[in-house]
Amino acid sequence: MRWLARRDYSRVELAARLRRRGVAEEAIERTLADLTAAGYLSDARYAEVLVAQRAGRFGKRAIAHALDERGVAPAAAAQAMAQLGGRDEIEDARALWQRRFGTPPIDDRDKARQVRYLQARGFSLSVALAVLRSAVSDADAARARDDDA
């Protein structure tokens with residue numbers, strides 16, 4: 001109960017934690033069933049919280065991987081991922097890129113570093129390159145306006 005009071009756990013995570021403590025398998029299953037019945041343990045709630053925390057900072061692919069890695073039931077994961085349905089991944093990646101870098105890459109090495117950063121956050125290569133292309137075109141447009149003024 002103390003663990004669940006601090007944060008939500010998936011059923012698989014909580015079972016693994018209890019196993020590491022040496023709790024018998026029958027007791028683990030009984031405890032998990034009791035916690036689920038009482039509403040203290042819910043994969044659906046855990047998935048919703050994880051998706052809400054990571055939305056905007058990670059791509060859909062990374063969020064789906066995190067849910068799978070934590071053993072969230074596929075139905076609960078799919079329902080939670082549906083929350084992201086309307087989000088534009090390019091806009092999320094651009095906002096993340098803007099907070100982290102803010103300026104277009106100065107050379108190929110810097111471009112590779114920025115692309116790797118976005119890919120590590122779960123965005124696809126095409127999304128990362130689209131973000132950098134738009135950043136470069138925005139910077140070129142701003143320079144052209146400054147030259148005209």
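Because the structure is a prediction, the values reported are computed rather than measured. No hydrogens, no waters, no symmetry mates; every other heavy atom, side chains included, goes into these values.
In this structure the side chain of Val12 never reaches within 4.5 angstrom of the side chain of Val72, judged on heavy atoms. Contact annotation: the side chain of Pro105 approaches that of Leu132 to within less than 4.5 Å [non-hydrogen atoms, C-beta and beyond]. By the 4.5 Å heavy-atom criterion applied to side chains, Arg57 and Arg121 are not counted as neighbours. Looking at heavy atoms from C-beta onward, Arg19 lies in side-chain contact with Glu25 at the 4.5 angstrom threshold. Side chains of Asp8 and Leu50 form no contact here, defined as non-hydrogen atoms less than 4.5 Å apart. With a 4.5 Å cut-off on side-chain heavy atoms, Val131 and Leu118 count as touching. Side-chain contact between Tyr40 and Asp34 is absent, with no heavy atoms from C-beta onward closer than 4.5 Å.
When each of Ile106, Val136, Leu129 is checked for a side chain to side chain contact (heavy atoms under 4.5 Å, CB included) with Lys111, only Leu129 meets the rule.
Residues Ile63 and Val49 are members of separate hydrophobic clusters, defined by side-chain heavy-atom contacts under 4.5 angstrom among Ile, Leu, Val, Met, Phe, Trp and Tyr.
A salt bridge does not link Arg94 to Glu89: none of the charged side-chain nitrogens sits closer than 4.0 Å to a carboxylate oxygen. At a threshold of 4.0 Å, the pair Arg11-Asp43 does not count as salt-bridged, since none of the basic side-chain nitrogens sits closer than that to a carboxylate oxygen.
Of the inter-residue distances, the one linking Lys60 atom NZ with Ser124 atom OG reads 11.0 Å to the nearest 0.5 angstrom. Once rounded to the nearest 0.5 Å, the distance linking CZ of Arg54 with CG of Asp92 reads 14.5 Å. Separating the CZ atom in Arg20 from the CG atom in Leu18 is a distance of 9.0 Å, to the nearest 0.5 Å. Note that CG of Leu41 and OG1 of Thr36 are 4.0 Å apart. Values are rounded to the nearest 0.5 Å.
Within a 6.0 Å sphere centred on CD of Gln79, heavy atoms belonging to other residues, nucleotides or ligands number 12 at most. By the 6.0 Å contact criterion, CG on Asp107 is enclosed, its count of non-hydrogen atoms from other residues, nucleotides or ligands being greater than 12. The neighbour count for Arg7 CZ, taken as heavy atoms of other residues, nucleotides or ligands under 6.0 Å away, is above 12.
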Pair Phe101-Tyr117, side chain to side chain contact (heavy atoms under 4.5 Å, CB included): steps then yes or no: CA-CA 10 Å; Phe101 300 105; Tyr117 176 80; 3.7 Å; yes

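In this structure, the side chain of Ser10 engages the main chain of Arg70 through a donor-acceptor pair within 3.5 Å.
Contact detail for Ala55 and Leu84: the closest heavy-atom pair is CB-CD2, 3.6 Å. When every heavy atom of Ala47 is checked against every heavy atom of Ala76, the shortest pair comes out as CB-O, 3.9 Å.
Note on ring orientation: taking the six-membered ring where Trp is involved, the planes of Trp3 and Tyr9 are tilted (angle from 30° to 60°).
Not less than 6.0 angstrom separates the ring centroid of Phe58 from the ring centroid of Phe123.
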